[in-house]
Amino acid sequence: MKLSKLIIAGLLMSALTACSSEEPAVTEAVNYTKTYEPLTFSNLDIPVNIEVIDGITYANGVLIVNKEIPLPEDYNPEMQPEVIEAYTQMFEDGAAEGLNFELVSGFRSYDYQAELYNNYVSRDGKEAADRYSAEPGHSEHQTGLAIDVGSYDSAVLLQTSFEYTPEFQWMKDVAHEYGFIIRYMKGKEDITGYMYEPWHLRYVGDKATEIYESGLTLEEYFGLN
Ligand SMILES: [Zn+2]
């Protein structure tokens, strides 16, 4: 909790210094809430409201977890029903187009992520592992809002070349209609901290289309980078 506050305070400080001289409006505190004007590179014309509730960070109601912003160790929401509904529908609609999706990965607990991450670090070293795997408490898969998808017909699983499958070529243009965004975009590793992951979708619900159309990462969209 303290860590989250410090990180957010730090983010806000840098955001505010880089921003207009106008005093930001502070909304009612929950655990910790701060509103600031969007940065000039954000496409939002509304203020970004950052809240930390029980150790979980939200930007305008969208849960945020990344290399800097953690989740509590005991946060175990499992797969969220609206996400299951969304990808099931997307896979069904894809099947009607002759596509064959499979779910490769969904919810992961803190402990399971710790196991995975430690294995990757022993195998590839920390620097390499950090490009594709999250430290425990920093994985979007712990939110129950992220999925990894694959093409059932292809041996290409969790590889960048998934982008060349018919499944991805269809999905990239429609995922937002189901509430998903491609979270770790091509050429944005310096912002997201992750290599391009065409298979990793993050559910953001009805904000997906606006975020998709902005062409920005979640960090850029909310001015968090
Ligand atoms: Zn993933």
Side-chain angles (χ1 to χ4, degrees), residues 56-57 62-71 73 75-88 90-91 94 101-121 123-124 126-152 154-165 167-172 174-176 178-205 207-208 211-212 216-221 224:
I56 301 165
T57 302
V62 174
L63 193 160
I64 304 288
V65 55
N66 59 26
K67 296 266 183 194
E68 276 81 40
I69 302 176
L71 291 168
E73 190 171 340
Y75 185 58
N76 264 313
E78 302 293 336
M79 275 310 282
Q80 299 295 287
E82 68 268 32
V83 181
I84 297 172
E85 200 177 311
Y87 76 69
T88 302
M90 186 173 77
F91 289 3
F101 282 100
E102 69 176 304
L103 182 71
V104 180
S105 188
F107 172 76
R108 287 183 218 141
S109 68
Y110 181 100
D111 290 343
Y112 182 51
Q113 184 66 29
E115 201 179 308
L116 279 180
Y117 179 76
N118 292 334
N119 286 342
Y120 293 142
V121 169
R123 190 186 68 186
D124 295 335
K126 182 170 164 35
E127 196 183 329
D130 281 341
R131 293 188 63 209
Y132 64 84
S133 183
E135 289 186 28
H138 289 269
S139 173
E140 270 206 330
H141 287 279
Q142 197 192 329
T143 65
L145 298 168
I147 55 171
D148 294 334
V149 303
S151 163
Y152 193 79
S154 163
V156 178
L157 279 187
L158 308 187
Q159 289 178 35
T160 314
S161 49
F162 172 61
E163 100 171 278
Y164 302 113
T165 63
E167 281 73 19
F168 180 79
Q169 288 302 316
W170 177 78
M171 183 185 86
K172 69 179 170 47
V174 300
H176 66 97
Y178 301 89
F180 292 105
I181 56 166
I182 293 161
R183 177 71 172 90
Y184 306 121
M185 296 163 66
K186 198 175 207 169
K188 302 280 190 169
E189 180 168 352
D190 58 330
I191 294 164
T192 63
Y194 292 94
M195 57 185 275
Y196 177 39
E197 292 194 357
W199 61 84
H200 180 104
L201 297 180
R202 164 61 201 274
Y203 186 81
V204 289
K207 291 190 172 64
I211 296 170
Y212 164 76
L216 300 171
T217 63
L218 263 194
E219 281 79 10
E220 293 169 297
Y221 185 80
L224 293 169

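Heavy-atom basis, side chains included; hydrogens, waters and symmetry copies ignored. Start at 1 and go down the list; that is how both ligands and their atoms are numbered.
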*Have a look at His200 and say which of its N, O or S atoms is nearest the Zn ion (ligand 1).*
ND1
_Residues, nucleotides or ligands: over 12 heavy atoms within 6.0 Å of Glu102 CD_ = yes
*Any chance you could measure Phe101, atom CZ, to Trp170, atom CH2, to the nearest 0.5 Å?*
5.5 Å
*Of all the atoms in Glu197, is at least one N, O or S atom closer to the Zn ion (ligand 1) than 2.8 Å?*
no
*Where the Zn ion (ligand 1) is the vertex, angle from His141 NE2 to Asp148 OD1 to 10°*: 100°
_Tell me whether Lys186 is salt-bridged to Glu163, with the criterion being a basic N under 4.0 Å from an acidic carboxylate O._
yes
*Is Lys126 salt-bridged to Glu135, cutoff N-O under 4.0 Å?*
yes
